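All figures in this text were calculated on a predicted structure; none of them were measured in a lab. These values consider heavy atoms only, across backbone and side chains, with no hydrogens, waters or symmetry-generated copies. Each chain gets a letter, A, B and so on, in the order the sequences are listed, and its residues count up from 1.
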Amino acid sequence: MEKVYESQKFEEEIYQLWEKSHYFTPEIDNKKKPFTIILPLPNANDPMHMGHALFTIEDIMVRYHRMLGEPTLWLPGADHAGIETQFVFERELAKQGKSRFDFDRETLYQRIWDFAEKNRHLNKFQMKKLGFSLDWSRYHYSLESEIVNQVLATFKKLFNDGFVYRGEKMVNYCTRCGTAFSDLEVDHVEKEDFLYFLDYGSIQIATTRPETIFVDVAIAVNPEDNRFKDLVGKKAVIPIINKEIPIIADEAVEIDFGTGALKITPGHDMTDFEIGQRHGLSAISCITFDGKMINCPEEISGLYPKQAREKTLELLQKQGKLIKTQPLKHTVGICYRCKNIIEPLLSPQWFVKIAPLAKPVIEAAKKGQTKFFPTRFKKLFLDWMENIHDWNISRQIVWGPRIPAWYCLDCNPEIKINFLDKNGNLVSGLYRELKDRHSFEEIKKGLQSLTAPVKATFKIEEEINCPHCQSSHLLQETDTFDTWFLSGQWPLTTLGYNVENPEKSSEDFKYFYPTSVMDTLWDILFFWVGRMMIFGLYLTKEVPFKLVHLHSRVVDKKGQKMSKSKGNVIDPLVMSEKYGADALRMSLIYGIAPANDIVVSEEKIIAMRNFANKIWNIGRFILGQMEENGIANFEDLPAYQDDLPGLQTEDKQIIKDFIETIAKVTQGIEKYHFGLASEAIYEFLWHRFADQYIEHTKERLKQKDQVALIVLRHVYLKSLMLLHPFMPFITEAIWQRFPRKEKTALIVSPWPKVK
RNA sequence: GGAUCCGUGGCUCAGUUGGUAGAGCGUCUCAUUCACAUUGAGAAGGUCAGAGGUUCGAAUCCUCUCGGAUCCACCA
């Protein structure tokens with residue numbers, strides 16, 4: 001054996017050994033209970049980072065259960081990650097001076113496909129580097145047809161059961177990304193802004209958005225507010241355009257804020273929209289989906305809201321309607337992806353009625369059918385589930401499966417269409433206006449997107465002719481599904497659940513579902529875990545996993561989140577090549593507390609590399625001692641037994657301490673205290689076994705005391721088993737190097753028992 | 001406006017049913033052709049944020065205060 005452990009010499013070879021022997025692929029055995037983890041699917045466009053390296057936690061559980069002899073499945077996959085990937089791709093396009101508007105959707109889709117395909121395979125390779133014992137024979141990609149077909153089937157089922165509807169509601173719209181988002185995808189940031197006090201004739205109001213006054217439909221005051229009691233039912237006048245609007249009373253208005261009077265703009269504010277609904281007021285937009293002003297005075301029309309605000313203030317000032325300006329700190333919604341300010345806009349979207357679907361989830365969580373670790377996340381989860389809002393599942397992007405709905409253009413001539421004409425020019429307009437100048441085929445070929453009015457008729461099945469008017473001018477909805485609509489069904493689709501005919505679900509599904517553990521970063525508890533619970537219970541009446549294990553994010557040694565802009569990113573693959581995958585893995589596990597930030601630094605990885613080397617050298621020492629004693633195969637040495645003649649006190653003590661260590665490591669893994677488990681084996685092997693026991697037995701070994709050698713070999717080999725889930729490569733490498741008659745692999749060795 | 005987490009040696013963090021404080025890195029002193037210098041032996045260094053309470057006993061449980069972080073929520 002070499003003097004130091006050189007990880008890069010072994011890792012690839014060891015991984016191949018495991019993979020070739022099919023150790024990662026479990027066999028279905030109905031006499032045994034399986035252990036299953038579905039890998040949180042990484043984004044296909046995303047090369048590996050520390051967050052992925054944390055899958056080590058899952059690998060530890062998986063390797064442990066495999067060693068317990070359970071049929072163990074860890075199922076890998078990758079997500080097309082709709083908005084994320086399209087966003088990254090559009091940035092690439094921008095570098096070439098192009099944008100998404102230069103392509104018809106078919107072409108754009110194909111381009112993104114090719115782009116995502118490259119990294120998807122890179123990612124697989126990278127996970128192998130870290131030793132993850134994933135069953136690659138069951139790998140899935142979110143856009144393969146067997147997955148997508150089931151997702152579409154779920155959509156149809158939801159629709160038929162009355163859970164899907166189209167609605168024209170206030171949605172979070174990013175005019176830069178050109179799509180709506182769900183509430184969860186909006187970030188909130190604090191912003192220094194101004195509150196403007198405006199004169200509306202009979203009443204004064206305060207607003208942060210003067211550019212939207214042109215589509216005000218009312219002024220609201222609190223019904224308890226004595227100052228304005230007499231004004232309710234009277235009129236106010238919008239400045240600049242001098243339009244009369246009613247003054248109404250609504251409890252949502254806060255008496256203490258501003259002047260106590262709120263301008264109601266249902267087209268551009270969530271609260272206003274709700275107030276408008278209560279009072280039967282119409283909602284009018286003054287900002288388009290391109291982020292430009294309409295329905296406003298000519299000099300403002302076409303401006304971006306920011307410029308429009310300045311212009312409006314200028315006009316207000318001129319007319320003496322701007323009473324005062326006051327600084328205000330408030331929070332605004334921004335696009336989680338591009339950081340642009342989110343514009344609440346009125347837009348027809350597809351929604352899932354979620355409250356009735358959340359109900360069984362709440363019950364299951366309360367009953368403990370799915371448990372949470374750490375337990376505090378259960379409360380967080382339940383709070384969210386109990387206050388859940390309808391889910392906007394449509395996105396105005398191309399990257400993802402299209403919503404399977406077909407509109408007849410002749411029945412719905414008000415559908416707005418954007419397409420590239422035969423000369424490659426971008427044309428937009430209502431079908432009613434376009435159909436005389438462009439053939440249906442030309443529109444269909446160059447189609448970018450369509451927007452159907454909320455009342456448009458549609459069919460969920462594709463048909464050649466419209467059942468009403470026999471027209472063949474049918475176009476599929478161009479909106480795609482929210483990525484989480486697809487990934488929310490991941491445990492079902494990847495295991496082979498059949499939505500239309502559950503009886504026909506695969507053997508895998510019948511055996512491995514519900515899965516054992518879902519381990520993920522807590523910040524997608526709602527996005528993903530929540531949706532998986534909803535879909536799982538809706539479709540199968542069973543929870544998708546028995547335990548949700550939440551872990552935290554990896555931060556640098558200053559406690560800061562790693563980001564490219566801060567330049568504090570530690571690349572797991574660089575570290576793994578430099579110090580070994582085992583050292584990297586151990587550094588992510590050693591000394592961490594459940595769901596607390598995980599601090600990694602190169603120093604810590606080095607410390608763990610040193611530990612790996614220690615393990616290696618203990619093996620080297622024992623092998624050397626065996627040679628000195630003329631033992632060619634370690635199986636030639638008598639087996640250790642508690643009543644072995646010649647056992648000394650220190651032998652009995654090390655055995656006793658080792659048994660304690662087995663208990664600590666086992667308990668640690670069982671109870672998800674991986675930090676404690678790894679510390680226990682580290683402490684024992686280095687400071688107890690090597691520093692004390694080995695040092696003390698050196699004299700005896702010189703005297704050719706075979707009993708000491710038996711104890712050494714026994715404790716060491718069993719320790720390798722205990723350490724294997726944490727540091728799989730080095731332990732297997734040593735195991736393979738110990739000379740013996742029967743070739744076995746450590747990965748499938750039995751987990752050491754206390755008794 | 002609700003809710004959660006954190007505050008332990010110079011730095012980064014462990015410390016699972018309460019029993020006289022631990023690790024890694026750093027510092028200091030020794031040792032060393034011994035399996036390993038990616039080493040060994042040893043040392044210095046903490047009133048466990050502060051105050052009060054429960055207890056025979058609290059870093060650990062309860063209350064409050066201060067400081068830091070995060071999540072949720074339609075504050076114009």
Checking all strands, does [X] fall into the base, sugar-phosphate, or nothing category for heavy-atom contacts under 4.0 angstrom?
X: A/E679; result: sugar-phosphate
X: A/T331; result: sugar-phosphate
X: A/Y682; result: sugar-phosphate
X: A/T208; result: sugar-phosphate
X: A/A206; result: base
X: A/G591; result: sugar-phosphate
X: A/H330; result: sugar-phosphate
X: A/H687; result: sugar-phosphate
X: A/N387; result: nothing
X: A/L380; result: nothing

field: Position toward the 5' end of RNA chain B (nearest nucleotide), A/R620 or A/K329
entry: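 Residue closer to the 5' terminus by nearest nucleotide: A/R620.
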message: Reading RNA chain B from 5' onward, which residue's closest nucleotide shows up sooner: A/R609 or A/Y590?
response: A/Y590
Check if the side chain of [X] and the base of [N] share a donor-acceptor pair of N or O atoms closer than 3.5 Å.
X: A/E695; N: B/A35; result: yes
X: A/K698; N: B/A35; result: yes
X: A/K614; N: B/C36; result: yes

Please measure how far the [atom1] atom in [N] lies from the corresponding atom in [M], and state the result in whole Å.
N: B/U8; M: B/U47; atom1: P; result: 12 Å
N: B/G68; M: B/G50; atom1: C1'; result: 15 Å
N: B/C25; M: B/A35; atom1: C1'; result: 25 Å
N: B/C66; M: B/A44; atom1: C1'; result: 32 Å
N: B/G26; M: B/A59; atom1: C1'; result: 24 Å
N: B/G24; M: B/G40; atom1: P; result: 10 Å
N: B/C75; M: B/U16; atom1: C1'; result: 43 Å
N: B/C61; M: B/G15; atom1: P; result: 12 Å

Please give, in whole Å, the distance from [N] [atom2] to [X] [atom1]?
X: A/Y196; N: B/A76; atom1: OH; atom2: P; value: 13 Å
X: A/E274; N: B/C75; atom1: CD; atom2: P; value: 11 Å
X: A/L550; N: B/U70; atom1: CG; atom2: C1'; value: 14 Å
X: A/I264; N: B/C74; atom1: CD1; atom2: C1'; value: 12 Å
X: A/R376; N: B/C5; atom1: CZ; atom2: P; value: 6 Å
X: A/Y693; N: B/G40; atom1: OH; atom2: P; value: 19 Å
X: A/M170; N: B/A76; atom1: CE; atom2: P; value: 15 Å
X: A/N617; N: B/U39; atom1: CG; atom2: P; value: 10 Å

Any A/N596 side-chain nitrogen or oxygen under 4.0 Å from OP1 or OP2 of B/A14: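 Yes.
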pair A/Y200-A/D216: side-chain heavy atoms closer than 4.5 Å: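 Yes, at least one pair of side-chain atoms sits under 4.5 Å.
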query: When the ring planes of A/Y682 and A/F611 are compared, do they come out parallel, tilted or perpendicular, using 30° and 60° as the limits?
result: tilted
- prompt: Is there ring stacking between A/H673 and B/U16, where the centres must be under 5.5 angstrom apart and the planes under 30 degrees?
  reply: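 Ring-base stacking flag set for A/H673 and B/U16.
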task: Run the numbers on A/E732 and A/R737 for salt bridge (charged side-chain N to carboxylate O under 4.0 Å, His left out), then give the verdict.
output: CA-CA 9 Å; A/E732 184 76 77; A/R737 296 205 135 213; over 6 Å; no
task: Output yes when A/K578 and A/E602 qualify as a salt bridge under the 4.0 Å nitrogen-oxygen rule, no when they do not.
output: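 Salt bridge present between A/K578 and A/E602.
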query: Between A/R700 and A/E650, does at least one N-O distance fall below 4.0 Å, as a salt bridge requires?
result: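 Answer for the salt bridge query: yes.
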By nearest atom, which of the nucleotides [options] is closest to the [X] side chain?
X: A/E603; options: B/U12, B/G15, B/C25; result: B/C25
X: A/K379; options: B/A3, B/U16, B/A76; result: B/A3
X: A/W522; options: B/A76, B/U70, B/C36; result: B/U70
X: A/F526; options: B/A35, B/G15, B/C72; result: B/C72
X: A/L676; options: B/G15, B/A35, B/A76; result: B/G15
X: A/N613; options: B/C36, B/A35, B/U12; result: B/C36
X: A/A690; options: B/A3, B/A35, B/U39; result: B/A35
X: A/F257; options: B/A76, B/C25, B/U12; result: B/A76

query: Can you list the steps and then say if A/E11 with A/R585 is a salt bridge (charged side-chain N to carboxylate O under 4.0 Å, His left out)?
result: CA-CA 13 Å; A/E11 290 178 356; A/R585 292 168 58 115; over 6 Å; no
- prompt: If you count the non-hydrogen atoms of other residues, nucleotides and ligands that lie under 6.0 Å from NZ in A/K306, is the total more than 12?
  reply: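 12 or below, so no.
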message: Taking the six-membered ring of A/F351 as reference, does the cationic atom of A/K169 (NZ for Lys, CZ for Arg) lie under 6.0 Å from its centre and within 45° of its axis?
response: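 Judged by the rule, A/K169 and A/F351 form a cation-pi pair.
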- prompt: For A/R553 and A/D597, what are the C-alpha separation, side-chain angles and deciding distance, and is it a salt bridge (charged side-chain N to carboxylate O under 4.0 Å, His left out)?
  reply: CA-CA 6 Å; A/R553 55 168 33 113; A/D597 282 354; over 6 Å; no
task: Any strand is fair game: report the nucleotide pairing with B/A41 by Watson-Crick or G-U wobble, both distances under 3.5 Å, or none.
output: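 Answer to the pairing question: B/U29, which forms a Watson-Crick or G-U pair with B/A41.
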query: For B/A76, which nucleotide in any strand shown is its Watson-Crick or wobble partner with both distances under 3.5 Å?
result: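 Pairing partner, where one exists within any strand: none, as none qualifies.
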